[in-house]
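The residues of the chain are indexed from 1 along the displayed sequence.
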Amino acid sequence: MDGVYPKVSAIEAERLLARADADILVVGHTHIPLEILVSGGRAIVSPGALLRHPAHPMAEGALLYDPESQQFVPAPSAGGGTFGMLELPAGRFTVHRAEDGTLVDITRGR
């Protein structure tokens, strides 16, 4: 439950992938859409947060605290949040707004 944040060290990213015995590790908990590229074409990705029920969205402009950067980052927008798509075997990862499927900019690490 510690979360994976965009500035995870290369050593920690390697450790997480090894622990999961995975080339691509899909994580959650932080609600931050992200892709962290690791050596050898491996990656750690997060789809953001789909957990927001459209009847109870976070207020426009709401922020979530990122303990790693010690800053607040944009929360999922009204409309139900975001979802990720991982295309295999290519490993292409994209994040889309749940409300209408539009592509969302994601934080990229490494």
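Taking every heavy atom of both residues into account, G84 and P47 meet most closely at N-CB, 3.3 Å. Scanning both residues, G28 and S46, for their nearest heavy atoms gives CA-OG, 4.3 Å. Between T82 and P33 the shortest heavy-atom distance is OG1-CG, 4.3 Å. The minimum heavy-atom distance between L17 and A43, with the atom names listed, is CD2-O, 3.7 Å. Listed here is the closest heavy atom pair of E14 and S39: OE2-OG, 2.8 Å.
By the side-chain hydrogen bond (donor to acceptor under 3.5 Å, both in side chains) test, T102 pairs with D100, sequence neighbours left out. Among residues two or more places apart in sequence or in another chain, the side-chain hydrogen bond (donor to acceptor under 3.5 Å, both in side chains) test is passed with R92 by E87. In this structure, the side-chain hydrogen bond (donor to acceptor under 3.5 Å, both in side chains) partners of E12, at least two apart in sequence or on a different chain, are R15.
Through side-chain heavy atoms spaced under 4.5 Å, either directly or across other Ile, Leu, Val, Met, Phe, Trp or Tyr residues, V104 is tied to I24, V26, V45, L86, L88, F93, V95, I106. Clustering of Ile, Leu, Val, Met, Phe, Trp and Tyr side chains at separations under 4.5 Å places M85 together with F83.
To the nearest 0.5 Å, atom CZ of residue R19 and atom CG of residue D21 are 13.0 Å apart. Residue I44 holds its CD1 atom at 11.5 Å from CG of D23, rounded to the nearest 0.5 Å. Rounding to the nearest 0.5 Å places CG of L25 at 11.0 Å from CZ of R42.
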